[in-house]
Amino acid sequence: TDKVKLVLNNLDLTCKDGAPLVVIEADKLFLTLDTGSQNTLSDGTSYTETIAESTHVAGTIFSRADLTINGTGNLTVHGNNKHGIVSKDDIRIEGGKLSVDAPNHGVKGKDSVVIAVKVDNSVQPAARWYTGSGIYRHVWLTSVNSVHIAHQGVFITTPEVSEDKAVVRIATPLKNE
């Protein structure tokens, strides 16, 4: 079968009764996020199309083929039914800025999920005496529920301290994103 390339350039697509992007038959799907673009895909809370029943579509973006997401644009996926991005093969995220919210898995690949981290040192190329090229800081992937404690969001103070007692005040702001 074929390789399919879709370029998203400021796409805002919602399908209230199913998945807005479904690939049933292809070898590979390349989903390219065009430079500077803001793309949003949303599905409904329940699927009514017959294709979902016969192929077990379970995500806002659903692919039976290998799925590669690349480019430099932005992609927001609102998974309202089950998962955000699903592939029955491999998923590779090689570029772009992704934001995925879903009741179950944000990104789910049957065989594997690979998130590529690349270094761009074109502003100050590596030189003989400069060792700052590459990834030399910790890198985290944070997965949170939509309602969660903000990053570095627990604040503890002791406004009153004496030999007999201490007053401890704890402030924990919640975020709903």
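Positions are given from 1 along the sequence. The shown structure was predicted, so the numbers you read here are calculated from the model rather than taken from an experiment.
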For the residue pair [X] and [Y], what are the closest heavy atoms and their distance?
| X | Y | result |
| --- | --- | --- |
| S37 | L33 | OG-C, 4.0 Å |
| K88 | D111 | O-OD2, 4.3 Å |
| P173 | G153 | CD-O, 2.8 Å |
| A19 | V57 | CB-CG1, 3.6 Å |
| Y47 | T60 | OH-N, 3.9 Å |
| K108 | I91 | O-CD1, 3.4 Å |

Pairs of donor and acceptor atoms involving the side chains of residues 77-87, under 3.5 Å and at least two apart or interchain, shall be tabulated with distances.
residue : atom : partner : partner atom : Å
H78     : ND1  : D101    : OD2          : 2.7
N80     : ND2  : D43     : O            : 2.6
N81     : ND2  : T45     : O            : 2.9
H83     : ND1  : H105    : N            : 3.1
S87     : OG   : A65     : O            : 2.9
S87     : OG   : D89     : N            : 3.0
S87     : OG   : D90     : O            : 3.4

Treating Ile, Leu, Val, Met, Phe, Trp and Tyr as nodes and any side-chain heavy-atom pair under 4.5 angstrom as an edge, say whether [X] and [Y] lie in one connected cluster.
| X | Y | answer |
| --- | --- | --- |
| L29 | I69 | yes |
| I115 | V107 | yes |
| L6 | F30 | no |
| I156 | V161 | no |

* To do: Output all residues satisfying salt bridge (Lys or Arg N to Asp or Glu O under 4.0 Å) with K175, sequence neighbours left out; order by chain, then residue number.
  =>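 K175: salt bridge (Lys or Arg N to Asp or Glu O under 4.0 Å) contacts with E177.
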Between [atom1] on residue [X] and [atom2] on residue [Y], distance to nearest 0.5 Å:
| X | Y | atom1 | atom2 | result |
| --- | --- | --- | --- | --- |
| N74 | T35 | CG | OG1 | 10.5 Å |
| D66 | K110 | CG | NZ | 12.0 Å |
| S99 | L75 | OG | CG | 8.5 Å |

* Any side-chain heavy-atom pair from I24 and V22 closer than 4.5 angstrom? ->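 In short, these two side chains touch, coming nearer than 4.5 Å.
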* Are any non-hydrogen side-chain atoms of L31 and L21 less than 4.5 angstrom apart? ->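 In short, these two side chains touch, coming nearer than 4.5 Å.
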* Under the side-chain contact (heavy atoms from CB on, under 4.5 Å) rule, what do R169 and F155 come out as? Steps first, then yes or no, please. => CA-CA 8 Å; R169 190 168 288 146; F155 302 95; over 6 Å; no
What pairs of donor and acceptor atoms, side-chain ones from residues 7-16 against any protein atom, are under 3.5 angstrom apart with sequence neighbours left out?
residue : atom : partner : partner atom : Å
N9      : ND2  : D34     : OD2          : 3.1
N10     : OD1  : Q38     : N            : 2.9

* Can a donor-acceptor pair be found between the side chains of N70 and T68 at a distance below 3.5 Å? ->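 Checked: N70/T68 side chains show no N/O donor-acceptor pair below 3.5 Å.
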* Determine, stepwise, if the pair V4 / V23 fulfils side-chain contact (heavy atoms from CB on, under 4.5 Å). => CA-CA 9 Å; V4 176; V23 176; 5.7 Å; no
